[in-house]
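Okay, so here's the structure we're looking at.
Read the numbers this way: they start at 1 and go in the same order the structure lists the ligands and their atoms. Just so you know, residue 1 is the first one in the sequence shown, and it goes up from there.
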Amino acid sequence: MKRTDFPKEFKFGTATASYQIEGGIEDRSPSIWDEFSHTPGKTKNGDNGDVACDHYHRYEEDIEIMKDIGVDAYRFSISWPRVMTDGIKPNEKGIDFYQKLVDKLLENNITPFITLYHWDLPLYLYKEKNGWLNPDIANYFQDYASLMFNKLGDRVKHWITLNEPWCSAFLGYFVGEHAPGHKDFQESFYVAHNLLRSHGKAVIAFRDIVKDGKIGITNVVTKVESLSNDEKDIQAAKLVDQYINGWYHDPIVYGKYPEEAVNSLKNIKLDIPENDFDIISQTIDFFGVNYYSRQVISYDENHPLKFKHAEGPLPKTEMGWEIYPKGLYDKLVEFNNKYKLPLYITENGMAGPDKLENEQIHDDYRINYIKDHFKSTLDAIKDGVDLRGYFIWSLMDNFEWAHGYSKRFGLVYVDYNTQKRYLKDSALWYKNFLLNK
Ligand SMILES: OC[C@@H]1[C@@H](O)[C@H](O)[C@@H](O)c2[nH]c(CCc3ccccc3)c[n+]21
């Protein structure tokens with residue numbers, strides 16, 4: 001498989017997120033992830049993003065590395081608390097950082113794709129305004145989005161409103177594994193709804209400000225399969241697919257939540273003002289798909305959503321996620337048929353047992369993972385999927401949320417003691433692939 005097997009305009013890239021790589025906390029106000037990671041017991045080894053990959057001070061070097069690898073595009077997120085103090089007052093120093101970042105990318109012919117929200121909500125908005133639980137958060141988000149569109153929209157034409165609202169709502173407000181660490185089932189549905197309303201308000205602003213731009217939303221897209229042919233397991237898997245995938249895609253395209261999932265939530269209040277879906281279902285230009293693996297589901301009476309995860313038999317990554325490239329093909333074809341929107345794979349990659357030896361990292365497992373998922377991508381394109389790009393997660397090893405720095409997803413290895421970067425064999429492979437070798 002060669003690069004020229006893909007459409008000429010297809011964009012190959014790599015991706016990161018602000019809290020996971022920037023550090024530079026001295027020049028920004030705090031986010032919910034600063035408070036969460038500094039709370040004992042919340043992250044592995046008490047790791048936090050205070051320094052991370054020190055990208056805030058090393059962004060020029062990191063762009064040089066991307067140039068060397070030869071990527072067409074780079075997906076990164078803006079730190080809301082960096083560009084607006086407490087999420088409210090524009091901070092010119094923070095805005096200036098992203099101005100320089102964008103200009104340096106463009107100088108190197110790397111197309112910027114900006115994610116407005118990749119989980120680092122300004123702490124003030126959480127503490128004083130109740131964060132995503134407050135319907136008014138959509139106005140704060142629209143103000144933030146408008147500021148960024150006005151400041152960067154002349155040069156940045158590809159925007160993603162939210163990264164994985166499912167994670168923000170479910171992991172942040174029900175499971176409690178992510179910031180702000182709530183464990184309230186009902187809250188997680190209010191949060192999901194306010195995230196979608198915020199998305200819609202940002203799209204409305206975008207249409208006024210960046211008339212020649214493209215905007216979408218990225219969600220985790222997981223292939224959900226039933227553990228058995230037992231009717232209960234099949235039904236449980238179908239509902240999980242609706243809770244994770246449908247819940248964040250159907251309202252945007254169809255203007256309503258998935259019916260069976262709604263009906264299954266007997267004791268969940270979803271008292272929704274009628275025009276909310278008019279806001280949420282603003283036309284978008286693409287869906288971003290973050291694909292990593294599948295979930296094997298069986299029925300479980302004791303779970304509020306009546307399901308439990310089953311251990312699949314396939315080889316797994318360091319995250320314990322099965323390696324399942326067929327799932328990517330299946331979801332791309334399904335989404336293409338169901339939503340009829342252009343798609344970007346905004347994240348795909350793996351955490352590996354990466355070891356630095358003689359300034360090299362031999363990650364053949366990651367090369368094979370990427371090749372297998374590229375193959376699924378090419379098969380989907382050949383079968384008619386309107387797929388426009390693929391961003392490998394991640395450019396470099398970084399802060400992996402509750403796992404801290406214990407999980408390495410990068411094409412580039414980061415020695416956190418020295419902040420030195422080392423291209424892994426997978427980065428060298430990607431470089432040759434992009435040269436069509
Ligand atoms: O876990 C690898 C990456 C994160 O580093 C990204 O920030 C995030 O966008 C992202 N999403 C997923 C799939 C959903 C998921 C997120 C966190 C934990 C478990 C599953 C994997 N990843």
Side-chain angles (χ1 to χ4, degrees), residues 13-22 31-33 36-37 42-44 47-49 52-53 55 74-79 113-121 160-179 181 188 192 195 216-224 240-241 243-245 247-248 287-296 309 316-324 327-328 331 344-352 354 366 369-370 373 390-412 414:
T14 187
T16 64
S18 44
Y19 188 77
Q20 295 182 266
I21 65 166
E22 285 183 3
S31 75
I32 56 174
W33 265 96
F36 191 75
S37 64
K42 298 298 184 187
T43 63
K44 192 156 172 94
D47 290 347
N48 59 61
C53 308
H55 178 73
Y74 171 50
R75 175 187 175 231
F76 63 97
S77 78
I78 290 178
S79 167
F113 278 58
I114 288 182
T115 305
L116 284 167
Y117 183 70
H118 201 124
W119 306 351
D120 41 0
L121 181 75
I160 293 158
T161 53
L162 305 172
N163 179 74
E164 297 188 345
W166 175 82
C167 288
S168 302
F170 201 71
L171 300 182
Y173 277 85
F174 176 48
V175 175
E177 184 189 303
H178 281 194
S188 72
L195 282 160
I217 184 172
T218 273
N219 203 40
V220 55
V221 172
T222 188
K223 171 73 176 171
V224 182
V240 169
D241 185 54
Y243 296 136
I244 297 183
N245 297 314
W247 203 265
Y248 299 93
F287 271 132
V289 168
N290 286 359
Y291 178 84
Y292 287 88
S293 185
R294 70 170 177 178
Q295 292 194 19
V296 182
H309 290 106
K316 297 176 181 65
T317 69
E318 289 290 291
M319 294 294 278
W321 302 342
E322 286 182 295
I323 297 172
Y324 192 53
L328 175 58
K331 294 310 282 186
Y344 285 90
I345 296 168
T346 37
E347 283 179 33
N348 173 251
M350 66 164 280
D354 302 344
R366 184 172 285 106
Y369 179 100
I370 293 168
H373 287 81
Y390 190 118
F391 294 82
I392 293 177
W393 184 270
S394 178
L395 166 64
M396 60 184 138
D397 299 335
N398 57 50
F399 176 77
E400 181 49 40
W401 309 112
H403 296 276
Y405 297 99
S406 69
K407 305 296 180 192
R408 293 179 179 271
F409 276 87
L411 291 166
V412 176
V414 177

Mind checking whether [X] has an N or O less than 3.5 Å away from an N or O of ligand 1?
X	value
Trp401	yes
His118	yes
Asn398	no

* To do: Could you check Phe113, Phe287, Tyr390 and say which one makes a ring-ring contact (aromatic ring centres under 6.0 Å, His included) with Tyr344?
  =>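 Checked Phe113, Phe287, Tyr390 against Tyr344; only one passes ring-ring contact (aromatic ring centres under 6.0 Å, His included): Phe113.
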* **ring-ring contact (aromatic ring centres under 6.0 Å, His included) partner of His178, chosen from Trp33, Phe36, Phe170** =>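 That would be Trp33; it is the only one of Trp33, Phe36, Phe170 passing the ring-ring contact (aromatic ring centres under 6.0 Å, His included) with His178.
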Can you name the atoms of ligand 1, numbered from 1 with element, that are less than 4.0 Å from a heavy atom of [X]?
X	result
Asn290	9 (O)
Glu400	1 (O), 2 (C), 4 (C), 5 (O)
Trp119	8 (C)
Asn163	9 (O)
His178	17 (C)
Phe409	1 (O), 2 (C)

* **Minimum-distance protein heavy atom relative to atom 10 (C) of ligand 1** => Glu347 OE1, 3.2 Å
* For atom 20 (C) of ligand 1, grab the closest protein heavy atom and report residue, atom and distance to one decimal in Å. => Trp321 CZ2, 3.6 Å
* To do: Any chance you could lay out the side-chain hydrogen bond (donor to acceptor under 3.5 Å, both in side chains) test for Asn163 and Thr115, step after step, and finish with the verdict?
  => CA-CA 7 Å; Asn163 179 74; Thr115 305; 5.6 Å; no
* Asked: Can a non-hydrogen atom of Ala17 be found less than 4.0 Å from any atom of ligand 1?
  ->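 Ala17: no contact with ligand 1 (<4.0 Å).
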* Asked: Hey, does Trp166 sit under 4.0 Å from ligand 1 if you only count heavy atoms?
  ->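 No; Trp166 lies far enough from ligand 1 that no heavy-atom distance drops under 4.0 Å.
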* Which value, rounded to the nearest 0.5 Å, describes the distance between Leu328 atom CG and His373 atom NE2? -> 6.0 Å
* Asked: Nearest 0.5 Å, what's the CG-OG distance between Asp120 and Ser18?
  ->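 Going from CG on Asp120 over to OG on Ser18, the span is 3.5 Å.
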Proximity to ligand 1 by part of [X], non-hydrogen separation under 4.0 Å:
X	answer
Ala351	neither
Lys407	neither
Phe170	neither

* **Whether Tyr369 side chain and Gly349 backbone form a donor-acceptor pair below 3.5 Å** =>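 Side chain of Tyr369 to backbone of Gly349, a donor-acceptor pair under 3.5 Å: yes, one is there.
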* To do: Evaluate side-chain hydrogen bond (donor to acceptor under 3.5 Å, both in side chains) for Tyr19 paired with Ser77, printing each intermediate quantity in order.
  => CA-CA 9 Å; Tyr19 188 77; Ser77 78; over 6 Å; no
* Asked: If you draw the axis of the six-membered ring of Phe391, does the NZ or CZ of Arg75 fall within 45° of it and under 6.0 Å from the ring centre?
  ->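 Relative to the ring axis of Phe391, which defines the angle, Arg75 lies outside at least one limit.
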* Parallel, tilted or perpendicular, as decided by the 30° and 60° cut-offs, for the rings of Trp119 and Trp401 -> tilted
* To do: Identify the residue among Ile244, Asn219, Val221, Thr346 that makes a side-chain contact (heavy atoms from CB on, under 4.5 Å) with Glu164.
  =>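 Running side-chain contact (heavy atoms from CB on, under 4.5 Å) over Ile244, Asn219, Val221, Thr346 with Glu164 returns exactly one hit, Asn219.
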